[in-house]
Amino acid sequence: MRKSVNRPPTPDVMENQGKEPTLQELINIELIDSGEKERLMELLRERLIECGWKDEMKALCRAFIKKKGRNNVTVDDLVHVITPKGRASIPDSIKAELLQRIRAFLVSTAL
């Protein structure tokens with residue numbers, strides 16, 4: 001059975017009871033609560049469209065489907081094949097811009 005790469009596994013409720021949240025979890029909560037996470041996601045979408053990344057990923061998906069046959073490909077197959085290529089091909093300038101925005105957010109919230 002293949003696990004979905006779309007989302008992490010759901011944590012076991014009993015396993016996390018009584019544990020202090022990690023710094024990463026605290027930052028994620030603050031990003032969500034403030035609405036900054038959604039703004040960052042929208043910025044990422046815009047930048048990836050501007051640089052042609054989205055079209056490149058669409059072309060890779062179409063090529064994979066054509067190679068395997070339309071009826072022989074699932075969404076999980078596509079995600080499994082395309083995700084590593086997609087992550088590796090995000091321009092460094094976009095990564096740097098997002099990192100700078102996250103750092104500025106953290107400084108402004110004094111986390």
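Only this structure's heavy atoms are used, side chains among them; waters, hydrogens and symmetry mates stay out. These figures come from a predicted structure and were not determined experimentally.
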Single-linkage hydrophobic cluster Leu40~Leu23, side-chain heavy atoms < 4.5 angstrom: yes
Common cluster, Met41/Leu43, ILVMFWY with side-chain heavy-atom separation under 4.5 Å: no
Leu44 CG to Leu98 CG distance, which is reported to the nearest 0.5 Å: 5.5 Å
Residue pair Arg103, Leu99: steps toward the side-chain contact (heavy atoms from CB on, under 4.5 Å) verdict: CA-CA 6 Å; Arg103 284 182 175 151; Leu99 183 58; 3.7 Å; yes
Residue among Ile102, Thr109, Leu31 satisfying side-chain contact (heavy atoms from CB on, under 4.5 Å) with Glu36: Leu31
Output side-chain donor-acceptor pairs under 3.5 Å for residues 51-68, partner residues at least two apart or in another chain, one line each.
from, atom 1, to, atom 2, distance (Å)
Trp53, NE1, Gly86, O, 3.0
Trp53, NE1, Ser89, OG, 3.0

Restricting to side-chain contact (heavy atoms from CB on, under 4.5 Å), what partner residues turn up for [X], sequence neighbours left out?
X     : answer
Ile32 : Asn28, Lys37
Glu42 : Arg45, Glu46
Thr22 : Gln24, Glu25

Where at least one partner belongs to residues 92-101, residue pairs that pass side chain to side chain donor-acceptor pair (under 3.5 Å), sequence neighbours excluded: Arg47-Glu97
Side-chain donor/acceptor of Thr83 to backbone N/O of His80, under 3.5 Å: no
